[in-house]
K.L.:
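Quick one: the structure is below, and I'll ask about it shortly.
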2 protein chains.
Amino acid sequence: MKISTKGRYALRLMLDLAEHNTGEYISLKDISERQNVTVKYLEQIVTSLTRAGFLRSQRGNNGGYRLARHPSEYTIGEILRVMEGNLEPIACLENYPNDCPRAEECVTLPFWIGLSKVINDYVNSYTLQTLLDSASELAGNTYMI
Amino acid sequence: MKISTKGRYALRLMLDLAEHNTGEYISLKDISERQNVTVKYLEQIVTSLTRAGFLRSQRGNNGGYRLARHPSEYTIGEILRVMEGNLEPIACLENYPNDCPRAEECVTLPFWIGLSKVINDYVNSYTLQTLLDSASELAGNTYMI
DNA sequence: TCAAATCTTACCTTTTTAGTAGGATTACCA
DNA sequence: TGGTAATCCTACTAAAAAGGTAAGATTTGA
């Protein structure tokens, strides 16, 4: 019942890009240094995010990545689902409703459906912007003397 | 982000024992036939549940297992946590608060703590009895003509 | 044309998952 | 008192997933 490192790092990468969301392309080298994750591993992660249409990339010298949309237009749920495939707590729910013959009589199925709902509702209720805002509150920068 | 088969089967095993909660000891052979899980695999599962004090066992001929408490006194959360170790969505939270030096400044930590809370609150809000009751409603036995 | 970046494909090691196998021990019961 | 049906205990194993690493091709700005 764990989110993989790819999911966690993807979230940090997206937040990093959101923090530096100037329209410029940010290199993986920069992100790697700030987030302490190797460029090679980040490459795997951005491949998924770019294919999902979440990032724009620029090859060549001074290339890099930037967000395709505004930070408020990404839910944390969709970012995690790109990396994890889905956030269903059991395999039965991955392509529900499916052909399981026990579904009608399955006592535990409604319970698992409910668990899936609280998880997905929660992660869908946060956006990159939400987390950025709570971050600046955390740092208290706004009110520092 | 998946509950293992051990967690899922443990829940079905506990529900099976709750349905046949007459005070008699129920053999794994019976449970195996009803739940379609091998006796050998069930043995592994009951070992954990017995050591956790959730089951009483009786060895020898006509032996088996029964619940140690009333079905209303088991939350689904505690059953799953025995089998899974814990239900934390990321490793950082397994022994939180811990020594992570980034905790203070970690933007994502409060988000993960919130996710852990909705998951654990949900699974703690159901008991074996709750599921049994919804099962009999599902079957509609009470009101059948 | 060089350097710095992305892109692509392949590979590898470790851990976890999902079991299976064999036999020892216990206790009811005829 | 001996057979049988159950739990108990220790080990093993195959497959899949997790968590990366490696090498090099391609692109592009300066």
Side-chain angles (χ1 to χ4, degrees), chain A residues 1-13 17 20 24-33 35-66 68 80 83-92 94, chain B residues 1-13 17 20 24-33 35-66 68 80 83-92 94:
Chain A
M1 194 66 175
K2 289 275 181 294
I3 296 287
S4 70
T5 56
K6 281 191 187 168
R8 292 197 293 114
Y9 293 170
L11 178 52
R12 283 165 56 185
L13 180 147
L17 287 177
H20 302 88
E24 305 266 293
Y25 288 95
I26 313 290
S27 73
L28 291 186
K29 185 159 172 284
D30 289 355
I31 300 175
S32 169
E33 283 164 5
Q35 299 299 328
N36 210 33
V37 179
T38 65
V39 170
K40 281 296 178 190
Y41 202 31
L42 289 177
E43 282 182 353
Q44 277 191 36
I45 293 166
V46 290
T47 298
S48 299
L49 293 171
T50 304
R51 284 187 184 150
F54 288 15
L55 300 179
R56 299 275 175 254
S57 68
Q58 173 67 44
R59 300 181 69 164
N61 201 345
N62 283 324
Y65 300 86
R66 63 174 174 77
L80 293 179
M83 302 311 296
E84 305 289 320
N86 61 71
L87 296 177
E88 299 307 328
I90 59 169
C92 311
E94 285 183 352
Chain B
M1 193 67 176
K2 289 276 181 293
I3 296 287
S4 71
T5 56
K6 280 191 186 167
R8 291 198 292 114
Y9 294 169
L11 178 52
R12 282 164 57 186
L13 181 145
L17 287 177
H20 303 86
E24 305 267 292
Y25 288 95
I26 313 290
S27 73
L28 292 186
K29 185 160 172 284
D30 289 355
I31 299 175
S32 170
E33 282 164 7
Q35 300 298 328
N36 210 33
V37 178
T38 65
V39 170
K40 279 297 180 188
Y41 202 30
L42 289 178
E43 281 182 353
Q44 277 191 35
I45 293 166
V46 289
T47 297
S48 300
L49 294 170
T50 304
R51 284 187 184 152
F54 289 13
L55 299 179
R56 298 276 176 254
S57 69
Q58 174 67 44
R59 300 181 70 164
N61 201 345
N62 282 324
Y65 300 87
R66 63 175 175 77
L80 294 178
M83 301 311 296
E84 305 290 319
N86 61 70
L87 296 178
E88 300 307 328
I90 59 171
C92 312
E94 285 182 352

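Lettering follows sequence order; numbering is per chain, from 1. All of these numbers come straight from a predicted model, not from anything done at the bench.
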K.L.:
Rounded to the nearest 0.5 Å, what separates atom NZ in Lys29(A) from atom CG in Leu42(A)?
P.N.:
13.0 Å
K.L.:
On DNA chain C, which is the earliest and which the latest nucleotide, 5' to 3', with an atom closer than 4.0 Å to a heavy atom of chain B?
P.N.:
dA18(C) to dC29(C)
K.L.:
Could you pull out all residues at least two apart from Tyr25(A) that satisfy ring pair (Phe, Tyr, Trp, His ring centres under 6.0 Å)?
P.N.:
none
K.L.:
Listed by chain and number, what are the side chain to side chain contact (heavy atoms under 4.5 Å, CB included) partners of Glu84(B), not counting sequence neighbours?
P.N.:
Ile3(B), Ser4(B), Leu87(B)
K.L.:
Could you go through the side-chain contact (heavy atoms from CB on, under 4.5 Å) check for Leu13(B) and Leu55(B) one step at a time?
P.N.:
CA-CA 11 Å; Leu13(B) 181 145; Leu55(B) 299 179; 4.3 Å; yes
K.L.:
Which of residues 54-63 of chain B sit near DNA chain D, with a heavy atom under 4.0 Å from it?
P.N.:
Ser57(B), Gln58(B), Arg59(B), Gly60(B), Asn61(B), Gly63(B)
K.L.:
Find which nucleotide of DNA chain D each of Ser27(B) and Arg51(B) is nearest to by heavy atoms, and output the residue with the more 5' nucleotide.
P.N.:
Ser27(B)
K.L.:
Report the C-alpha distance between Leu49(B) and Met83(B) in whole Å, list the side-chain angles of each, state the deciding distance to 0.1 Å, and finish with yes or no for side-chain contact (heavy atoms from CB on, under 4.5 Å).
P.N.:
CA-CA 8 Å; Leu49(B) 294 170; Met83(B) 301 311 296; 4.1 Å; yes
K.L.:
Touch check for Lys6(A), heavy atoms < 4.0 angstrom, all strands: base, sugar-phosphate only, or nothing?
P.N.:
nothing
K.L.:
Between Met1(A) and Lys2(B), does a side-chain contact (heavy atoms from CB on, under 4.5 Å) hold up when you go through it step by step?
P.N.:
CA-CA 5 Å; Met1(A) 194 66 175; Lys2(B) 289 276 181 293; over 6 Å; no
K.L.:
Within the distance-only criterion (no hydrogens, no angle test), does the side chain of Arg12(A) pair as donor or acceptor with the backbone N or O of Gln35(A) below 3.5 angstrom?
P.N.:
yes
K.L.:
Taking side chain to side chain contact (heavy atoms under 4.5 Å, CB included) as the definition, give me every residue that meets it alongside Gln44(B), ordered by chain and number, with sequence neighbours left out.
P.N.:
Lys6(B), Tyr41(B)
K.L.:
Check every strand shown and say whether Tyr25(A) touches a base, only sugar-phosphate, or nothing at a heavy-atom separation below 4.0 Å.
P.N.:
nothing
K.L.:
Heavy atom of residues 42-50 of chain B under 4.0 Å from DNA chain C: which residues?
P.N.:
Gln44(B)
K.L.:
Return the set of residues passing side chain to side chain contact (heavy atoms under 4.5 Å, CB included) with Asn61(B) (not counting sequence neighbours), or none when no residue passes.
P.N.:
none
K.L.:
Once salt bridge (charged side-chain N to carboxylate O under 4.0 Å, His left out) is applied, do any residues pair with Glu24(A), and if so which ones, sequence neighbours excluded?
P.N.:
none
K.L.:
If you assign each of Gly64(B) and Met1(B) to its closest nucleotide in DNA chain D, which residue comes earlier from the 5' end?
P.N.:
Gly64(B)
K.L.:
Of all residues at least two apart in sequence or in a different chain, which pass the side chain to side chain contact (heavy atoms under 4.5 Å, CB included) check with Glu43(B)?
P.N.:
Leu28(B), Val39(B), Lys40(B)
K.L.:
Give the first and the last nucleotide of DNA chain D, reading 5' to 3', that has any atom under 4.0 Å from a heavy atom of chain B.
P.N.:
dT4(D) to dC9(D)
K.L.:
Please list all pairs meeting salt bridge (charged side-chain N to carboxylate O under 4.0 Å, His left out) that have one or both residues in residues 48-61 of chain A, counting only residues at least two apart or in different chains.
P.N.:
none
K.L.:
What residues, two or more places apart in sequence or in another chain, satisfy side chain to side chain donor-acceptor pair (under 3.5 Å) together with Glu88(A)?
P.N.:
Ser116(A)
